[in-house]
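Working notes, structure below.
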Amino acid sequence: MPGTDKFVYFDNSNSWANVYCYFYNGKTSSTTWPGVKMTYDASASHNGKTGWYKVEIPAGYTNAKFFINDGTQGTAINETNASTTTVVNKGE
């Protein structure tokens, strides 16, 4: 799926072994759970912090919702394995 040259950035303050971003728009999603694996960008800087995980927003999902998670299958979504609070969407 082509990208948009827009990214979601995430501060992995919980030190998850894996970081994924699941994009969804109503009942449609860009991929299956847990989503797209995010990559670490050591040069990304925001609010005095350098080093963020990032993923490109897929085409057709720039206004969709997304969920950051640790890739764990079959667990409840809660603050230990998912986040919607420490996300930076840069480049819109």
Side-chain angles (χ1 to χ4, degrees):
M1 181 176 282
T4 59
D5 291 327
K6 295 181 182 186
F7 297 85
V8 170
Y9 290 81
F10 177 72
D11 175 12
N12 186 16
S13 60
N14 291 329
S15 299
W16 295 338
N18 296 295
V19 181
Y20 289 84
C21 187
Y22 179 78
F23 294 94
Y24 64 99
N25 193 0
K27 294 182 179 181
T28 304
S29 63
S30 66
T31 187
T32 59
W33 184 265
V36 180
K37 190 167 186 176
M38 299 179 81
T39 57
Y40 184 74
D41 183 346
S43 65
S45 183
H46 177 71
N47 270 359
K49 181 189 181 323
T50 300
W52 293 78
Y53 279 80
K54 75 175 187 177
V55 65
E56 186 174 14
I57 299 171
Y61 286 84
T62 53
N63 293 316
K65 295 179 181 177
F66 58 88
F67 227 82
I68 307 294
N69 67 88
D70 67 358
T72 303
Q73 295 287 344
T75 56
I77 296 171
N78 58 47
E79 290 182 15
T80 60
N81 71 346
S83 176
T84 58
T85 58
T86 53
V87 174
V88 177
N89 187 348
K90 294 171 58 176
E92 286 205 303

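Pairs passing the salt bridge (charged side-chain N to carboxylate O under 4.0 Å, His left out) check and including a residue from residues 41-55, sequence neighbours excluded, read Asp11-Lys49, Asp41-Lys54.
Residues Tyr9 and His46 fail the side-chain proximity criterion, which asks for heavy atoms closer than 4.5 Å. Under the 4.5 Å side-chain criterion, counting only non-hydrogen atoms from C-beta, Tyr61 is in contact with Asn25. Between Thr62 and Ile57, some side-chain heavy-atom pair lies under the 4.5 Å cut-off. Taking the side chain as every heavy atom from C-beta outward, Phe66 and Tyr22 never approach each other to under 4.5 Å.
Val55 is linked by a side-chain contact (heavy atoms from CB on, under 4.5 Å) to Val8, Cys21, Phe23, Val36, Met38, counting only residues two or more places apart in sequence or in another chain. Scanning for salt bridge (charged side-chain N to carboxylate O under 4.0 Å, His left out) contacts around Lys37 gives an empty result, with sequence neighbours left out.
Residues Tyr53 and Phe10 keep their aromatic ring centres 6.0 Å or farther apart.
Looking at every heavy atom in both residues, Pro34 comes nearest to Gly71 through CB-CA, 3.6 Å. In this structure, Thr50 and Ala42 approach most closely via the heavy-atom pair CG2-O, 3.0 Å. When all heavy atoms of Asn69 and Phe67 are compared, the closest pair comes out as ND2-O, 3.6 Å.
No chain of hydrophobic side-chain contacts below 4.5 Å, direct or via other Ile, Leu, Val, Met, Phe, Trp or Tyr residues, connects Tyr20 to Trp33.
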*Quick one: do Asn12 and Trp52 satisfy side-chain contact (heavy atoms from CB on, under 4.5 Å)? Show the steps, please.*
CA-CA 7 Å; Asn12 186 16; Trp52 293 78; over 6 Å; no

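The CD1 atom of Ile68 lies 12.5 Å from the CG atom of Asn14; values are rounded to the nearest 0.5 Å. To the nearest 0.5 angstrom, Thr39 atom OG1 is 8.0 Å from Phe7 atom CZ.
The backbone N or O of Asp5 sits less than 3.5 Å from a side-chain atom of Glu56, completing a donor-acceptor pair.
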